[in-house]
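Read through the structure below, which is laid out as structure tokens, and then see the notes.
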2 protein chains.
Amino acid sequence: MAKTPTKAGASRSVDAITADLVAVLVAVTDGAPKIMTIAGGSALPSGPFEFTHRSLQTGLRAWVEAQTGHPLGYLEQLYTFADRGRSGDAKAPHSISISYLGLTREDQVGAGFAAHWSGWYDYFPWEDHRDGAPPFIAKLLTPRLKAWAKSADSSPLQRERWQRCAITFGLDNRDWNEELVLQRYELLYEAGLIPEANRGNGRETSVVPGKPMTSDHRRILATGLARLRAKIKYRPVVFELMPSEFTLLQLQRSVEALAGRLVHKQNFRRLIEQQELVEETGAMAADTVGRPAKLFRFRHGVLAERAVAGTKLPLSRT
Amino acid sequence: MAKTPTKAGASRSVDAITADLVAVLVAVTDGAPKIMTIAGGSALPSGPFEFTHRSLQTGLRAWVEAQTGHPLGYLEQLYTFADRGRSGDAKAPHSISISYLGLTREDQVGAGFAAHWSGWYDYFPWEDHRDGAPPFIAKLLTPRLKAWAKSADSSPLQRERWQRCAITFGLDNRDWNEELVLQRYELLYEAGLIPEANRGNGRETSVVPGKPMTSDHRRILATGLARLRAKIKYRPVVFELMPSEFTLLQLQRSVEALAGRLVHKQNFRRLIEQQELVEETGAMAADTVGRPAKLFRFRHGVLAERAVAGTKLPLSRT
DNA sequence: CATCTTATGCTCACGGAGAGTATAAATGGC
DNA sequence: GCCATTTATACTCTCCGTGAGCATAAGATG
């Protein structure tokens with residue numbers, strides 16, 4: 001290799017590759033978080049990057065809109081990686097995948113498309129802690145993680161493994177950290193507890209509940225969820241998922257759906273109001289149980305007014 | 001376009017492209033933040049992605065190590081974008097750039113390489129607020145931004161533009177937000193105050209001080225600095241830039257160099273200690289002015305112990 | 001010894017955030 | 001019509017993180 005770090009490749013043969021765009025499209029309907037899938041829920045929507053696209057962002061945007069019939073409000077790049085084994089050649093990556101996170105609403109997606117919405121907790125059942133930790137974590141998962149930790153070669157390695165399990169899954173009386181979606185997925189992969197880990201070796205066993213996806217799509221999905229869970233805490237992105245008018249409880253339910261855990265109602269309202277993220281429409285919610293709630297709309301002005309505007313989560317510890 | 005969002009491109013002609021890897025390599029020496037540059041400081045080191053690379057990350061890592069003679073401790077993907085006009089064809093992007101942020105130490109880079117270190121505030125003089133806001137912001141920049149805001153078509157657009165200026169540059173008694181590096185760069189670009197904005201139209205004028213770079217490299221650099229300034233607040237990445245032993249003041253100076261603003265000394269120490277990020281080596285710093293300081297080293301254990309470990313910045317408001 | 005510089009310990013006050021209590025306003029069953 | 005239930009909304013209380021400042025210690029230098 002040339003000693004001078006310059007664009008050395010320009011003078012020799014250039015390795016040409018292809019680029020794919022992969023989308024994690026999220027919606028929340030009635031407190032149920034959804035993601036757009038194709039192929040019967042086994043893959044994320046993806047398509048090739050073409051020369052007609054002016055840029056990656058506009059390429060994906062145009063492309064998604066053609067698929068779903070709805071303009072994407074929010075679109076954010078997630079991660080880029082080189083795929084191996086996708087084009088058959090297992091050694092060298094000849095294809096690059098650029099993944100994006102997009103936020104929409106389910107009702108805005110046109111009918112008659114092959115893509116459909118799937119529940120995101122179908123793919124990550126261990127991520128939903130709204131009713132407390134799912135029982136299978138303690139019953140089924142924890143013993144398997146313990147066994148995996150024990151199977152390490154040396155004693156310090158065993159401790160290190162278990163520490164990692166405890167941190168990512170909130171075991172040993174540690175707090176549950178909802179942002180570690182990707183770390184948990186990767187841990188389960190390494191421990192061989194999900195089907196993706198055992199591909200090719202004959203026994204594609206699924207120890208832990210949760211639907212797998214083709215290729216590394218579930219990993220991309222985990223990346224998207226992690227990003228979104230982190231982002232709702234310091235940017236008002238939840239509103240991209242809400243209808244134009246909503247009650248504060250509906251807003252709270254959406255946040256809880258994304259975060260996978262409950263928030264303290266009064267504190268949540270305090271935060272939303274003191275940040276002036278919403279304004280009253282004047283109308284009240286109809287067909288409700290209990291005392292009717294005021295309807296609110298998002299104040300788009302805050303996006304311009306502030307450099308950072310969050311939707312901090314007043315998380316309950318109980 | 002096919003209605004079904006599937007890998008439609010697989011069945012037709014595939015648009016092949018090339019991929020470049022671009023690196024933002026950062027070091028801090030004696031409180032001076034540096035970045036690695038090539039071509040006399042006018043470009044970031046970059047090289048083509050080749051089939052021999054097993055993955056993007058390892059590709060860049062091997063590649064940088066060959067250039068600098070030093071293994072990179074920390075490497076993180078920044079952003080991917082499609083380049084236009086680079087291959088001559090201005091319309092369609094045929095090349096993709098994948099940028100990375102890497103952290104090293106200057107003294108660890110081997111000699112005899114064409115790449116060399118440049119001060120990062122040479123490229124972003126408006127970002128260094130360690131001695132208060134640079135005078136040229138008030139004297140030179142603010143009037144130009146005001147003029148640019150005024151030049152908008154409508155009155156609300158003018159107000160919107162000025163609001164954006166005020167937020168990003170902390171004008172009108174707003175607080176300076178050191179994380180908005182990219183937003184500031186893009187604003188200066190839009191306002192036509194930096195050479196990059198006026199390329200091709202004959203007069204490549206530079207209203208504001210600061211060295212330009214070829215292509216969009218200064219934008220990539222801005223992306224890297226923004227990411228780093230944000231990251232030091234919740235991940236202990238500063239230690240990647242420190243020698244194995246250091247005093248707390250040296251650590252503080254490095255943080256200040258990155259953040260571009262001063263921190264409260266006592267509070268900084270309190271944070272570092274209560275987070276148990278460092279441990280005493282037992283030795284004291286030699287050849288110092290004033291009372292000698294204890295030497296510390298980074299406790300690598302914290303990376304495993306905690307999911308999140310920050311180096312929060314106790315920023316002074318004065 | 002006086003002074004300068006840096007290191008280090010301690011206190012104080014404010015505000016944000018978690019958590020709980022209390023009250024209001026609607027619906028539906030009996 | 002009354003009561004249970006559900007949701008909305010208003011307050012309060014307390015703890016602790018954090019910004020800020022004061023005070024003292026420990027070295028060098030003249």
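In what follows, every chain begins at residue 1, and chains take the letters A, B, ... in the order their sequences are listed.
Regarding A:R269, its CZ atom lies at a distance of 12 Å from the P atom of D:dT7, rounded to whole Å. Between the CD atom of A:Q250 and the P atom of D:dT7 there is a distance of 12 Å, rounded to whole Å. Nucleotide C:dA17 holds its C1' atom 16 Å from the CD atom of A:E273, rounded to whole Å. Atom P of nucleotide D:dT7 and atom CG of A:L251 are separated by 16 Å, given to the nearest angstrom. Taking atom CG of A:L248 as the reference point, atom C1' of D:dA10 lies 14 Å away to the nearest angstrom. Taking atom CZ on B:F268 and atom P on C:dT6, their separation rounds to 16 Å, with Å as the unit. Atom pair B:H264:NE2 and C:dT8:C1' shows a separation of 12 Å (rounding to whole Å applied). Rounded to an integer number of Å, the gap from CG of A:L249 to P of D:dT9 is 10 Å.
Counting only heavy atoms from C-beta on, A:Q274 has its side chain closest to C:dA17 among C:dT11, C:dG9, C:dA17. Picking from C:dC12, C:dA19, C:dG20 the nucleotide with the shortest atom distance to the side chain of B:R270 gives C:dC12. Closest approach to the B:N267 side chain among D:dG19, C:dA7, D:dC11 is made by D:dG19 (side chain taken as heavy atoms from C-beta onward).
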Exercise. Using a 4.0 Å cut-off on protein heavy atoms (strictly under), produce a 5'-to-3' string for nucleotides 23-30 of chain C with B for base contact, S for backbone-only sugar-phosphate contact, and - for none.
Key: -BBB----
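Stacking of A:R184 on the aromatic ring of A:W176 is recorded, both the 6.0 Å distance cut-off and the 45° axial limit being met.
Ring geometry, A:Y185 versus A:F124: the interplanar angle exceeds 60°, so the pair is classed perpendicular (tilted spans 30 to 60°).
Note that CD of B:Q163 is 10.5 Å distant from OG1 of B:T168, once rounded to the nearest 0.5 Å.
At a threshold of 4.0 Å, the pair B:R227-B:E76 counts as salt-bridged, since one of the basic side-chain nitrogens sits closer than that to a carboxylate oxygen.
Checking the phosphate oxygens (OP1, OP2) of C:dT8, no side-chain nitrogen or oxygen of B:K265 falls inside 4.0 Å.
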Would you tabulate the side-chain donor-acceptor contacts of residues 289-299 of chain A under 3.5 Å, counting partners in other chains and residues two or more places apart, or write 'none'?
residue: A:K294; atom: NZ; partner: A:E280; partner atom: OE2; Å: 3.2
residue: A:R297; atom: NH1; partner: A:E279; partner atom: OE2; Å: 3.2
residue: A:R299; atom: NH1; partner: A:E276; partner atom: O; Å: 2.6
residue: A:R299; atom: NH2; partner: A:E305; partner atom: OE2; Å: 2.9

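The minimum heavy-atom distance between A:L103 and A:L72, with the atom names listed, is O-CD2, 3.9 Å.
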Self-check item: side-chain hydrogen bond (donor to acceptor under 3.5 Å, both in side chains) evaluation trace for B:D128 with B:W120
Solution: CA-CA 10 Å; B:D128 189 0; B:W120 90 8; over 6 Å; no
